[in-house]
Amino acid sequence: MPLPSSTGTSSNPPVEPPSGPVRERLHVPTRASVPLPGEGSVFGRGFTSNLRAAGAGGCFLVVPLLMGLGMVLFGVAGMVGPYKEGLQAKGDPAFFIAMTAFGTVFFLIFLRLFGINLAAARNAARPKGDPKAPWTWDFPWSTEWMKPDYAGGGAGMLLGRFAFLGLLAMMNVAWAAGPIAKIVIGVLDLFGLLILYDSVQKVLQWLRIRHPVVIWPKIPFFCGGTLEGRVAFSRSVSAQGPAKVTLRRVQETWELISSGKGSSTSTQRQLAPFVVWKETREFPLGGASDLLDFEFQIPPGQPGTELTEDEATYWQIEVIVPVLGPDIETIFLAPVYKRPQGL
């Protein structure tokens, strides 16, 4: 079913980089640990069942969570409350500030890992349906509108920035250590200010535009056919140039990670997502517009989406719109599947 016309067009030729096989590592959670849209928090209703399903791995992460919480409480107790004077009499007051910052970052990092572990356990327990029509049960696809992929993907970026700023806060405690320490800390503080400025810009942009959504005219699309869709923004976007839209296939594969040196070297397997094929095209928005239509020819012979496999394969649409300030960047999961026999 063709989409209604808009200011966008899909007749432009591909732009660099050309379509074809690639191998780009993505630093995102594996598909098995991404919560499905519409599901509640893994820490809400069903938490105990998720924890039981996670097994020893999930229970093990509770220990560092409690350690981080303990450091936060100790640091706070050294700054405010009835124990403040007694604790500060035995230590530098700045130490308790650093302890609070370190404990907060430590706690949030392991809370993120704990959430990923629980989501993976919940996803593994989900029942499967007809293998000939996986799009009917492997993901809550919709032809009305769908939010960006990686519902909690931004949390990893925000956590990383918060951890870096927390580290800077701890390093500033050593400001009086000498001139060399002041120079090093001053340079790092400049990086921190740049990160803080960029973060504020992104927050302001989110408040103005919010998350765009994608509208699929049908579900699914099959390899060898045409993929078409529409991105809708919450308000008109004044683009500074054509939008770049990338169709890409992501394959999760096992990679070997080595640690240590010499006789103490150990190797572990880690499941990681890689972009293995992609095509980028440009689509103009035509001034201020809140709609962007796109269209791609899906190459034949490519594997279709397999979200429930141990080494998942899935397709995505990446959209980058140049605007004043940080570009609008978003990613949507695309319903591209291998055509079953008889269809």
Please answer: with hydrophobic residues joined when any side-chain heavy atoms are less than 4.5 Å apart, are [X] and [Y] in the same cluster?
{"X": "Val34", "Y": "Val275", "result": "yes"}
{"X": "Val250", "Y": "Val22", "result": "yes"}
{"X": "Val276", "Y": "Val336", "result": "no"}
{"X": "Phe274", "Y": "Tyr314", "result": "no"}
{"X": "Leu333", "Y": "Trp277", "result": "yes"}

Measuring from atom [atom1] of [X] to atom [atom2] of [Y], what distance do you get when rounded to the nearest 0.5 angstrom?
{"X": "Gln251", "Y": "Thr313", "atom1": "CD", "atom2": "OG1", "result": "3.0 Å"}
{"X": "Ser142", "Y": "Ile219", "atom1": "OG", "atom2": "CD1", "result": "6.0 Å"}
{"X": "Leu61", "Y": "Leu66", "atom1": "CG", "atom2": "CG", "result": "11.0 Å"}
{"X": "Ile298", "Y": "Leu247", "atom1": "CD1", "atom2": "CG", "result": "6.5 Å"}

task: Any chance you could lay out the salt bridge (charged side-chain N to carboxylate O under 4.0 Å, His left out) test for Glu318 and Lys244, step after step, and finish with the verdict?
output: CA-CA 8 Å; Glu318 180 186 39; Lys244 288 188 176 182; over 6 Å; no
- request: Take Phe221 and Trp135 through the ring-ring contact (aromatic ring centres under 6.0 Å, His included) test and state the conclusion after the steps.
  value: CA-CA 10 Å; Phe221 298 92; Trp135 56 88; over 10 Å; no
message: One pair to check against salt bridge (charged side-chain N to carboxylate O under 4.0 Å, His left out): Arg31 and Asp149. What are the steps and the verdict?
response: CA-CA 11 Å; Arg31 206 71 234 176; Asp149 197 16; 2.7 Å; yes
query: If you count the non-hydrogen atoms of other residues, nucleotides and ligands that lie under 6.0 Å from CD in Gln270, is the total more than 12?
result: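 Yes.
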message: Less than 6.0 angstrom from the centroid, inside 45 degrees of the normal: does Arg230 satisfy that with respect to the ring of Phe294?
response: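 So Arg230 doesn't make the cation-pi contact.
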query: Which residue, Ile317, Thr280, Leu26, forms the side chain to side chain contact (heavy atoms under 4.5 Å, CB included) with Arg248?
result: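 So, applying the side chain to side chain contact (heavy atoms under 4.5 Å, CB included) to Arg248 and each of Ile317, Thr280, Leu26, only Leu26 qualifies.
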Side chains of [X] and [Y]: closer than 4.5 Å at any heavy-atom pair?
{"X": "Leu73", "Y": "Leu69", "answer": "yes"}
{"X": "Arg249", "Y": "Gln316", "answer": "no"}
{"X": "Phe139", "Y": "Pro335", "answer": "no"}
{"X": "Trp216", "Y": "Leu227", "answer": "yes"}
{"X": "Phe107", "Y": "Leu65", "answer": "yes"}
{"X": "Leu324", "Y": "Gln240", "answer": "yes"}
{"X": "Leu292", "Y": "Phe233", "answer": "yes"}
{"X": "Met71", "Y": "Phe106", "answer": "yes"}

Kindly give the heavy-atom pair with the smallest separation between [X] and [Y], and that separation in Å.
{"X": "Thr330", "Y": "Pro212", "answer": "CG2-CG, 3.8 Å"}
{"X": "Val323", "Y": "Ser238", "answer": "CG1-O, 3.8 Å"}
{"X": "Tyr337", "Y": "Asp138", "answer": "OH-OD2, 2.7 Å"}
{"X": "Thr305", "Y": "Ala334", "answer": "OG1-O, 3.9 Å"}
{"X": "Pro303", "Y": "Trp315", "answer": "O-NE1, 3.0 Å"}
{"X": "Ala239", "Y": "Val321", "answer": "CB-CG1, 3.9 Å"}

message: Can a donor-acceptor pair be found, under 3.5 Å and without considering hydrogens, that links the side chain of Asp130 to the backbone of Lys132?
response: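 Yes, because the side chain of Asp130 sits within donor-acceptor range (under 3.5 Å) of the backbone of Lys132.
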- prompt: Quick one: does Thr226's side chain have a donor or acceptor within less than 3.5 Å of a partner on Gln297's backbone?
  reply: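 Answer holds: no.
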message: Under the criterion side chain to side chain donor-acceptor pair (under 3.5 Å), I'd like the reasoning laid out for Thr253 against Glu311: C-alpha separation, chi angles, the key distance, then a yes or no.
response: CA-CA 6 Å; Thr253 56; Glu311 297 179 81; 5.6 Å; no
task: Could you tell me which residues satisfy ring pair (Phe, Tyr, Trp, His ring centres under 6.0 Å) with Phe74, sequence neighbours excluded, listed by chain and number?
output: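 Ring pair (Phe, Tyr, Trp, His ring centres under 6.0 Å) list for Phe74, sorted by chain: Phe96.
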With sequence neighbours excluded, residues passing ring pair (Phe, Tyr, Trp, His ring centres under 6.0 Å) with Phe114: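 So Phe114 forms a ring pair (Phe, Tyr, Trp, His ring centres under 6.0 Å) with Phe43.
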- request: Report the hydrophobic cluster partners of Trp254, with the cluster defined as I, L, V, M, F, W, Y residues connected by side-chain heavy atoms closer than 4.5 angstrom, directly or transitively.
  value: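 Result for Trp254 is Leu271.
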field: Near-ring test Trp145/Phe332, centroid separation under 6.0 angstrom
entry: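 Here the rings of Trp145 and Phe332 have centres that are no less than 6.0 Å from each other.
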